Asks: 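Pasting a structure below so you can have a look.
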Amino acid sequence: QDACLATAEDLHLSDAQLADVAERELTFGFLTNNISDDFSRTLVAGGEAYAEEIGVELIVNNADFDANTQLSQFDALLQRQVDGIFLTAVDASSIGQAVNRANRDDVPVFIVGGAPARGDVIAVMNASSYQGSFDAGSAMMDAIGEANAQVAILGIPFALQTIRDREKGILDAVGASGGQVISMQSDFSQDRLLELATNVIQANPDLKGIFATWSLAVNAATEAVEQSGRDIVIAGYDSEVPGYVELASGDTNIVALSGQQAALQGRAAIEGLAQSILRAELCDEIITPNLLVTADNFEESWSIQYPGAEQPW
Amino acid sequence: MNQSAAKLLRDLMPYLGLILLIGYFSLSSEFFLNARNFERLATDSATLMLVAFGMTLVILIGEIDLSVSAVVGLLSVILAQIMVAGMAWPVAMVLVILISVGIGTLNGAITVYGQIPSFIVTLGMLAIATGLAFVFTGAISVAILQYDFLDLFYSEQIFGLPIPLVIVALAFVACLLTLNRTRFGRELFAVGANMEAARLSGVPVKQRKVAVFAIMGLLVGLGAILSAARLGNGAPGSSPTLTLDAIAAVIIGGASLFGGWASVLRTLLGALLIAVLNNGMVLMNVNIDAQYIVKGVIILFAVVLERLASGVRT
Amino acid sequence: MTRAQLANYGIFLAFALVVIGMMIASPAFRAPENLIAIGRQVAVLGIASFAMTFVILAGEIDLSVGAVASAAGVVTAMALAAGFGPWAILIGVGVGAGFGLMNGLLTVYAAVPSFIATLVSFFIAQGVALTLTGGRTILFDADWFRDLFATGSVFGLRSAFLWLLFAFLALWWLLSRTRFGGHVYAIGGSQPSSRMLGLAVDRIKILIFTMAGALMGLVGMILISRIGNARSDGAVGLEFDAIAAVVIGGTALGGGTGSLVRSLIGVMLIGVLNNGLAILNVDFNAQQVIKGVLVIAVVLLDRWARGLKGASA
Amino acid sequence: MTSTPRLSLHGITKRFPGVIALDDVSFDVRAGEVHAFMGENGAGKSTLMKIGAGIHRPDEGFIEVEGQRVGLSTPSDATALGIHTVFQELTVLPNLDVGQNIMIGQEPMQAGIWLDRGALYSKAQAILDRLDIKLDARTPIGSLSAGQRQMVEIARACGETPKVLVLDEPTSSLGRQEEELLFALVDRLRADGVGIVYITHRMSEVFRLADRITVLRDGKHVVTGDAKDFTREKLIAAMVGRAVDEKRSGVHVADLPVALRVDGLSRGTAVRDVSLDVHVGEVLGVAGLMGAGRTELARLMAGVDRRDAGSMTLFGEPFSPNTVADAIEAGVAYLPEDRKTQGLVLSLSVADNIALPNLGSLSQSGWLSMAKLKAMAKEWSGKLGIRAASPDVAADTLSGGNQQKVAIAKWLAIAPKVILLDEPTRGVDVGAKSEIYTLIRDLSAQGTAVMVISSELPEVLQISDRIAVMAQGRVAGVVSAADATEESLLELAFTEQSPDHEVAA
Ligand SMILES: Nc1ncnc2c1ncn2[C@@H]1O[C@H](COP(=O)(O)OP(=O)(O)OP(=O)(O)O)[C@@H](O)[C@H]1O
Ligand SMILES: Nc1ncnc2c1ncn2[C@@H]1O[C@H](COP(=O)(O)OP(=O)(O)OP(=O)(O)O)[C@@H](O)[C@H]1O
Ligand SMILES: [Mg+2]
Ligand SMILES: [Mg+2]
């Protein structure tokens, strides 16, 4: 184990490796499960910027949360004879068949979202979904500060591995502090999530907290709580622009958001594939730690999470 | 000579959009035009093709099936779960197909005997199947570890052809012959165009409609098996766009949404257009945001060409 | 009530049964604030369904509804953020109407079936919204705007609900109290006959699509006002829900028969089910199953009532 | 009378893909005349009038209204100039009510923006009353018979007195009383100075109504002249290009075996306790007023509808068809009265239409023989003289009369033992009519039992051996055709009007 590269920093390429990469004129495929949130965009931007810097061509595609589409795109990339494929899986276990084919073609695959059911990937890169969500959840329970507090979870109706890890994280956090989850509701659309959050607040007069498992749910929960005028605290997974603006306003019910380091992951994606082609050994799992973004540290977190981006508040 | 060239051109007109698109991709990408890519295209779009063939029959008789993508999800989950529980894959496949035919027949029976639009019945079925698939799995896809099953569909070949392609080809020929060379098929055209006249001509309209939904069930079942084998698991919500793509393939093929005319061959071309477009855009590295616009414009272009051609024909 | 009268009210009866069931099951459901909240929550779906009613009555279909509303919302938010002030409203409605006009022109003059024409618009609107936002959430700071379209209230009624009310009354008048409305039914009844009778079939269709587009502009603005941000996927899936509401209400796909009041019932039914099941904390997946069964049951009851009329005639 | 014509069409040529529908045809109609427009099925009558109505654009030629050259590019251009047309294919909108149909396009408004529904119905009702049409303006169209729908159509065209009124086969679905109503109306409008174009295949109407007659054949103008200068034979010769034998065929003695026996058949109030015999080799005519229950009776006999009571035997065996397929299986065929909605699948080809009830015999364990199908289409197109570019064209491109022949052909092709024909010559020209009569004769001579429902008394008298007259759902009497006259049939048709008979059963 100690021979393998274990962190995003470990993946950095040396000057000699960079020269080697430039000479090989590599093309990588870069598949995202969707492209309409800040995380994916930042991930793609991070990857694109670094690929450009080191002279790798990047083919970016988006699956719109459709596992079948992602598989077709994966196959098309194999057809295109790319030198490596990075993907944020819609459903990690659904990509196994294609990974198996990539193995046969000797194309390295680097994946976010869990190991596929079949085939070998060079490594699984993970934000600490479980830990991030556990930490944010614990912060929420601390802020509520009472035993038996009722909380609700607002989520995405989906078989994403990361969402399941997030759910597990929050359930453990609530359990550890003696609270109880009284409602779990999900939807895709921000507007419907707002509706769900409003309904849950309406139905449960003793509700003390809402945990939002993804960015749109954070936005919806914030708005619903604000409109209800009730004293309900919010924690969530994903810290994106609306969340930062909310934290920056100085008057917010959000206690903590778990932020992924998308730009770092984007760069690491390219580096990991390049390392593998250069025959370096990657550890099975490469964790990029999450940030716990709060009203106290948001400026600092912003510059880590979205390096170089203008502050939206 | 000249006349036959003109006739050839006229006959090809409806397919011009697809032909031009394939020509363009072939010239622009060295990776597009080869047997391996077409093999992949065919296997990747096998489920879409099967469902689109079934949808052709359903739309022909003036009905619709909105439940397919959810039912494919549910069936793949059931397939995976019974295989995990230890059932041999051939038995599991037969069982899943039976369930699927049952669901199709149920859709048809409620539509026909409850006299409510198939739109509503299958909308209800969509919600029910989605819910059940998630309830059964707790939203966690169920991996299929019987590799002989997976490899049968996605590694092995018959006569040098991948098995999904063979299944699609057989289904295509069967649907084509059914529609054009059997009593049943001819009757469907009449049922779709004028139900009352068909009834007064001795066509058992209700049975025919239920039968079409049952056939749809059969094709959806096959599609679900291929989808599960391709993904290597039973996954709820794995193909959210399947229904719309299948309907779009039928309509791009020139059928009326309200029944009376449809053609399996044209549907095949409609589905191919969608599949080729998705594949070609990846190969050509089209910008992710622009892909939507490109897709819209090319579908429009292909359909306008097709309509111009039908204008010429009448 | 005679049997023939009952026949026309089957859907209302079925709706009433669902409402009564919910009221018995949940005190939170029958709280006045909740009933008011339902009105507000169905505003978006309601207006979209009213627009869809016109389109379907005329024998056409509009799949672009959700994407156009999203695009209009995004453009409006950007205009607001860029300081266009009240002009942003015009721009938003204009974007919607522009897409609607395109739908109409393609359907009428290019002889493309509206299914395809509006599918094309769907793709283009989605592409435009994604390109404009770069997939990110657009924030805007205009409380007057949010008050105007969603959050403000008059006599305790939120403006989103008032827009719904206003749209319903105006469109009801248009459909059942003007010549134009009568001709919409005529076209749906028989397009060839309407042409032979000298009705301006083409112009009416273009108008219907354009009007539907303009209403999607309004929907887009209500959406962004409710949540306070704009996203390229803001109204994802709205077209499908709207068509479903219209058809559940009893308006026939294919045109010619149906009414706005029926669509309103369809919308309310969906709104009540969404709200009620969430308030009862029913498991999200079980909700789907229950909704599916109830929708079929409600429509069966409606048809059964209509059958009574047939039997007594 | 010899003033400028109200409407004149000059040198009109119109081509459809594969057909020249009109070849340099001129036609005019003056104020205060009825100009009958005659010709075989497919001669081009409807096409010419559609050009006058702004529906088709002529390829050559031009149009004048009251001496002014006009361009008619839409139907509303024509109505704006006072040219109103009752089209052969009904254009009533089935999802609206009577009033809305009559007032469509000219709905009364309040303050320019509100539809004045009260005024709409009162105006529509006023029109109906003025024309003596006994209908409530608020009745939905769906509940009306074909004849009533036709009257709605006429009411719409006559709503505000037109300058030119074109009636394209207006009586084809009318009952006797409605016909009389229409004739009176035509007389009244003529007196008011309206120029009326009257298209029909019925000789009696022409001589009853027309001032002038124009005959068209194969899209070419044949003759125009004063009605009084024509005889029946001359007119037929002009239309057909030869003489047609119209003689009444020899009457059979009805001393033949019974093919289909109907005993106490009832359904609701439409058919009440009907008993009838149809014999092998005879033609049984069924006469009656509109709504007398003839169609309903035939539908019960053919397995289309379920009966409430009664029984049937076919050649002595119990016959109780639950579906049309059962009836076909047993050799009983039923030609419905409305070819557009019931008789044909208009979007399918002629060949497919003919094949539809015959798919069983054209296929072997489900597999269709395309060769047999084509041969069948060819055979019957030839036998009935169906004018179509080929059996593969869609039925809706055929003229009305030819469509009717296709509808008959598909039933003849099953080689039925009993055939029930509901208005078999509706919209069919004289030539074809006599061909259909011959066909019916031949069928019965070959041993097929034939029942013909017809609203045209001369037709019933001409082709039947016996005639059953229905009134209010009951058989009012069965008479031998040889002894019957139009008057005696009518008398029977009007019996049982009093409600006392309702309890008789
Ligand atoms: N829309 C059309 N497309 C193609 N051919 C047409 C069309 N309309 C009419 N025709 C053809 O034009 C010719 C004239 O038809 P038209 O309907 O005018 O005859 P008609 O004299 O009214 O006959 P009928 O007495 O049967 O009503 C026919 O050969 C018919 O098939
Ligand atoms: N569409 C309809 N809706 C309701 N009642 C109808 C309809 N058509 C016919 N009826 C009624 O059914 C009875 C029998 O009608 P049917 O059509 O069998 O008469 P018919 O003698 O064949 O007359 P027609 O000349 O109209 O064909 C009548 O009482 C008539 O009023
Ligand atoms: Mg005609
Ligand atoms: Mg009749």
Side-chain angles (χ1 to χ4, degrees), chain B residues 62 64 66-67 70 110 114-139 236 240 243-244 247-248 250-252 254-259 287-304 306-308 310-311, chain C residues 59-61 63-64 67 106 110-117 119-135 232 237 239-240 243-244 246-248 250 252-255 283-304 306-307:
Chain B
I64 193 94
L66 301 178
S67 68
I110 300 178
Q115 290 180 28
I116 64 181
S118 49
F119 185 96
I120 309 255
V121 177
T122 56
L123 181 73
M125 188 58 81
L126 162 73
I128 295 170
T130 307
L132 287 180
F134 279 94
V135 170
F136 287 171
T137 57
T243 309
L244 187 67
I247 298 174
V250 177
I251 307 295
I252 290 172
S256 157
L257 190 56
F258 305 119
N287 173 281
I288 36 176
D289 296 329
Q291 281 194 6
Y292 293 95
I293 300 177
V294 172
K295 198 168 168 180
V297 170
I298 288 179
I299 289 176
L300 178 65
F301 177 70
V303 171
V304 168
E306 195 269 336
R307 294 302 122 126
L308 281 179
S310 13
Chain C
E60 303 291 345
I61 194 99
L63 301 180
S64 70
L106 285 177
V112 177
S114 51
F115 184 94
I116 302 286
L119 183 67
V120 166
S121 291
F122 164 89
F123 283 129
I124 295 181
Q126 204 169 351
V128 166
L130 272 171
T131 309
L132 284 177
T133 57
S232 57
E239 58 281 340
F240 193 65
I243 297 171
V246 171
V247 177
I248 289 169
L253 269 187
D283 168 70
F284 180 78
N285 300 312
Q287 280 187 27
Q288 302 280 94
V289 181
I290 295 172
K291 272 192 239 174
V293 172
L294 277 181
V295 161
I296 296 179
V298 161
V299 176
L300 265 175
L301 190 64
D302 184 29
R303 293 310 129 120
W304 170 77
R306 287 188 201 194

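Sequence lines set the chain letters: A, B, ... in the order given, protein chains first and strands last, and positions in each chain run from 1. Computed from a predicted model, the values in this text were never measured in an experiment.
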Asks: Please flag which part of B:Leu66 lies under 4.5 Å from any non-hydrogen atom of chain C: side chain, backbone, both or neither.
Replies: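 Just the side chain, heavy atoms under 4.5 Å.
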
Asks: Which atoms of C:Ile290 come close to chain B, meaning under 4.5 Å heavy atom to heavy atom: side chain ones, backbone ones, both, or neither?
Replies: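 Interface part for C:Ile290: neither.
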
Asks: Report yes if some heavy atom in the side chain of C:Phe115 is under 4.5 Å from a heavy atom in the side chain of B:Ile247; otherwise report no.
Replies: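 Yes; the side chains approach each other to less than 4.5 Å.
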
Asks: With a 4.5 Å cut-off on heavy-atom pairs, point out which of B:Ser256, B:Gly296, B:Ala290, B:Pro117 contacts chain C the most.
Replies: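 The residue among B:Ser256, B:Gly296, B:Ala290, B:Pro117 with the greatest pair count is B:Gly296.
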
Asks: I need the minimum non-hydrogen distance between B:Gly114 and C:Leu300, along with the two atoms involved.
Replies: O-CD2, 3.8 Å

Asks: Find the one option among B:Ile293, B:Leu123, B:Thr130 whose heavy-atom pairs under 4.5 Å with chain C are most numerous.
Replies: B:Ile293

Asks: Given heavy-atom pairs under 4.5 angstrom as the criterion, report whether the side chain, backbone, both or neither of C:Ala286 touches chain B.
Replies: backbone

Asks: Need one label for B:Val303: side chain, backbone, both or neither, based on atoms under 4.5 Å from any heavy atom in chain C.
Replies: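 The side chain, not the backbone.
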
Asks: Grab the two heavy atoms, one from C:Leu63 and one from C:Phe122, that are nearest each other, plus how far apart they are.
Replies: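 Where C:Leu63 meets C:Phe122 most closely, the heavy atoms are O-CD1, 3.6 Å.
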
Asks: Compare every heavy atom of C:Ile116 with every heavy atom of B:Ala248, then report the nearest pair and how far apart it is.
Replies: O-CD1, 4.5 Å

Asks: List the atom of C:Gln288, the atom of B:Gly131, and the distance in Å for their closest heavy-atom pair.
Replies: CB-CA, 3.7 Å

Asks: Could you grab the distance from atom CG of B:Asp289 to atom OG1 of C:Thr133, nearest 0.5 Å is fine?
Replies: 7.0 Å

Asks: Kindly compute the distance separating CD1 (B:Ile128) from OG1 (B:Thr122), expressed to the nearest 0.5 Å.
Replies: 11.0 Å

Asks: In terms of heavy-atom pairs under 4.5 Å, which option from B:Val304, B:Leu126, B:Leu257 contacts chain C the most?
Replies: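 The option with the most such pairs is B:Leu257.
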
Asks: With only heavy atoms counted, which part of C:Phe284 is less than 4.5 Å from chain B, the side chain, the backbone, both or neither?
Replies: neither

Asks: Can you tell me how far the CE atom of B:Met125 sits from the CG atom of B:Leu132, to the nearest 0.5 Å?
Replies: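 The CG atom of B:Leu132 is 9.5 Å from CE of B:Met125, to the nearest 0.5 Å.
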
Asks: Counting only non-hydrogen atoms closer than 4.5 Å, does C:Ile243 touch chain B with its backbone (N, CA, C, O), its side chain (CB onward), both, or neither?
Replies: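 Both backbone and side chain.
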
Asks: Out of B:Ile110, B:Leu300, B:Val294, B:Val297, return the one with the most heavy atom pairs under 4.5 angstrom to chain C.
Replies: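 When all of B:Ile110, B:Leu300, B:Val294, B:Val297 are compared, B:Leu300 has the most.
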
Asks: Under a 4.5 Å cutoff for heavy-atom pairs, which residue among C:Ala244, C:Ala110, C:Ala252, C:Ala117 has the most contacts with chain B?
Replies: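 Maximum pair count with chain B is reached by C:Ala244.
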
Asks: Select one option (side chain, backbone, both, neither) describing which atoms of C:Leu119 are under 4.5 Å from chain B's heavy atoms.
Replies: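 The side chain, not the backbone.
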
